[in-house]
Number of protein chains: 2
Amino acid sequence: MKKKDLDERKKKVLQAIVEEYINTAEPVSSGSITKGHGLDYSSATIRNDMAQLENIGFLDKPHTSAGRVPSAEGYRYYVNELLKDDNLTLEEIKYIQYKLKVKVNEIEDLTKVATTTLSEITHYTTVAVGPKADKQIIEEIKFVSLGQRMLMVVIVTDTGLVKETIIKFDEDITESQVDTLNNLFNTRLRGKPLSKIDKPMADYIFSEVHYSIGIMKAIIEQINRIVEEENNNIFLEGAKKSFDLPEFKSMKVAKNFVNLLDTKDEMLEIFNSGDAEDINVFIGDDDENSNLKDFSIITFKHTIGDKDLGTIGIIGPKRMDYAKVISVMKYISKKLNEDNNKKEGM
Amino acid sequence: MKKKDLDERKKKVLQAIVEEYINTAEPVSSGSITKGHGLDYSSATIRNDMAQLENIGFLDKPHTSAGRVPSAEGYRYYVNELLKDDNLTLEEIKYIQYKLKVKVNEIEDLTKVATTTLSEITHYTTVAVGPKADKQIIEEIKFVSLGQRMLMVVIVTDTGLVKETIIKFDEDITESQVDTLNNLFNTRLRGKPLSKIDKPMADYIFSEVHYSIGIMKAIIEQINRIVEEENNNIFLEGAKKSFDLPEFKSMKVAKNFVNLLDTKDEMLEIFNSGDAEDINVFIGDDDENSNLKDFSIITFKHTIGDKDLGTIGIIGPKRMDYAKVISVMKYISKKLNEDNNKKEGM
DNA sequence: TTTAGCAATCATACATAAAGAGTGCTAAAG
DNA sequence: CTTTAGCACTCTTTATGTATGATTGCTAAA
């Protein structure tokens, strides 16, 4: 049997098992889904279907007499083929609207509000990751002198991202030198993507400036450094909520979760790999030995028009309420885009 | 018996128990400390002392036949009276020197390096909390226009802290207005502490500016907002390390830990309450029902001269290696101050 | 004051048994 | 051919009892 062409009843059985397991966190027995979920068969019939669903890899059996649990494959089929994702209550919709109406001045704030709201409604841990630096356009680059031998550099991009750093020198800097720097870097870099200053550009800058090479080198080096260290701006909300979930009774799961949030690498990879247009669902592989084994991550890109404002996502157990999460995300994503296109048009 | 006047042997017994428990995480029996730790008595003698130490509240008994465990009181006595805190190895000293020698341009970076190093050497979770805003002096306040109706405000303080925000308006702003703003705010606020703009100051500003009240109101409101939201800059390092400790086998402990880091309030209170001059040791109360019950927090203020650069601390189990942690902290604290006074003198 | 000796206490580990849940298979019914 | 009833089988869970070992508290002697 091909995986894709399940007959109608098997689809219903799989769906019933996934939904039941999402609710109870207990393996689902054939007896418990004879009625409801659009099904009305004897447990023996369900058992037969379950055996076949297990054969094609959609279900797992913890042990002989324990009922079935969806496999990663099973979850994927459920998410892709069986999910009905329009189940927000009116209260939830109103709450989201209320929260997103808040007056924000920085896009970062809006992302945080959205992330917090998402966590409140879904009761899962949510994460916001800043946009990739190199996709952004430099709108302003400003040098401000701090004392004689210190300089602050502020770079502002079109998405409202602000990067700043302080550079120290071994020699004095005059105000007129600062003016020159402001002129030079602004005329050269404004409108360009926020990426490292390459060799030709550095050479050009050197050729234009008549004073200390040491200062210029330090500046370029430091700018390249802050441009490179992207995505350090991770915002985490509701980590403790995850610890109330039954899967966190297992120390191993809890530890993997903390590792995931502490190390960040694996998590970031998934956050950055998603498709820009869509809600992306990552379901941890069953067999893998990674920290992600027991978790699912669902992300979407926060965008206004074609500007990438970062990624917002949820980390939860594989037994996640996909329907709910995806519904909420779709709604929030739509709202974010709507409201801000309005504001942009001013 | 008064708590303070333990005879010499009882002191040694208490010390032996604390140190043994720190090493093994197992209740300490009378038999296991008959030799070593400067003791050479029979288990019966030790037992008598242990019974009395328990009476005055320095030891606890998990159950009748389980050996003894230090109480919070016991730890406190140990830390205050019995601790010998000079046990860094040469390798550790060299490693710290090597790490702190790194060239940093922002004080925030230095704090991070110190925090990371502290975590590496002690194997505990470390936390850095930014300095209190109102203790800092405004060194520069800069308005940068972003498009017609957006303005960025950057405030730099004497400790190198940078606060910035973006303000949106309903009307246009001209370059000359921005210049006026820069002049006005800099002459008025530079050298002042980073605190909210009060009524008289606001009134003065209003009286000086001839255009839109709406714009000025928005600016002052927003500046007050970012000044108020202090300590959002918490830097966490090595959370996963804690999960390797035996006490984290208990789900309750693990959950409290995550709550602590996620909610931040309780933790911040302790971080901000410490004495500026000293290493501060907080030991969770035995009976209390708080998230902190099972943990100890050790902090010190990162300062250069009299500038407060924030607080660096460790969160670990009550069974923490106090001697080691305090030694490392003292050393790092000294080094930070030394090196930077040198750099300051340029 | 210190110590040896010993009964008493309690957690832990282990073995065994009983109960319960759920499956897989077979054969009958629809 | 599909569905269902029936039942043996498997495996987990829980309870119970028992043995074991660690450690203490007390007493009496050194």
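Order of the sequence lines fixes the chain letters, A, B, ..., with proteins taken first and strands second; residue numbering starts at 1 for each chain. The structure displayed is predicted, hence computed values, not measured ones.
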Going 5' to 3' through nucleotides 7-17 of chain C and flagging B where a protein heavy-atom sits under 4.0 Å of the base, S where only the sugar-phosphate is that close, and - otherwise, we get --BBS------
When you check every protein heavy atom under 4.0 Å of nucleotides 1-7 of chain D, what one-letter string (B, S, -) results, 5' to 3'? --SBBB-
Would the distance check show the side chain of B:K11 and the main-chain N or O of B:L82 forming a donor-acceptor pair, the cut-off being under 3.5 Å? no
Please check: side-chain N/O of A:R68 versus main-chain N/O of A:D60, any donor-acceptor pairing under 3.5 Å? no
Roughly how many Å is it from [atom1] in [X] to [atom2] in [N], rounded to a whole number?
{"X": "A:L59", "N": "C:dG22", "atom1": "CG", "atom2": "P", "result": "15 Å"}
{"X": "A:D49", "N": "C:dC25", "atom1": "CG", "atom2": "P", "result": "15 Å"}
{"X": "B:E54", "N": "D:dT24", "atom1": "CD", "atom2": "C1'", "result": "10 Å"}
{"X": "A:K61", "N": "C:dG24", "atom1": "NZ", "atom2": "C1'", "result": "8 Å"}
{"X": "A:Q52", "N": "C:dT23", "atom1": "CD", "atom2": "C1'", "result": "15 Å"}
{"X": "A:I46", "N": "C:dC25", "atom1": "CD1", "atom2": "C1'", "result": "17 Å"}
{"X": "A:Y21", "N": "C:dG22", "atom1": "OH", "atom2": "C1'", "result": "16 Å"}
{"X": "B:I17", "N": "D:dT23", "atom1": "CD1", "atom2": "P", "result": "13 Å"}

So, using ring-ring contact (aromatic ring centres under 6.0 Å, His included) as the criterion, who are the partners of [X] when residues are at least two apart?
{"X": "A:Y75", "answer": "A:Y322"}
{"X": "B:F243", "answer": "B:F248"}
{"X": "A:Y21", "answer": "none"}

Kindly calculate the angle separating the two end axes of the helix from C:dT1-D:dA30 to C:dG30-D:dC1, each obtained from five base pairs, and round it to 10 degrees. 20°
Applying side-chain contact (heavy atoms from CB on, under 4.5 Å), name anything that partners [X], two or more places apart in sequence or on another chain.
{"X": "A:I270", "value": "A:F282, A:L292, A:I297"}
{"X": "A:S42", "value": "A:A44, A:T45"}
{"X": "A:D285", "value": "A:R76, A:D287, A:E288"}
{"X": "B:T126", "value": "B:T115, B:L118, B:S119, B:E237, B:I314"}

Across all chains, not counting sequence neighbours, the side-chain hydrogen bond (donor to acceptor under 3.5 Å, both in side chains) partners of A:D275 are none
Show every side-chain hydrogen bond (donor to acceptor under 3.5 Å, both in side chains) that has at least one partner inside residues 249-259 of chain B, sequence neighbours left out. A:D244-B:K255
Listed nucleotide nearest any side-chain atom of A:S29, set D:dG25, C:dG22, D:dT23: C:dG22
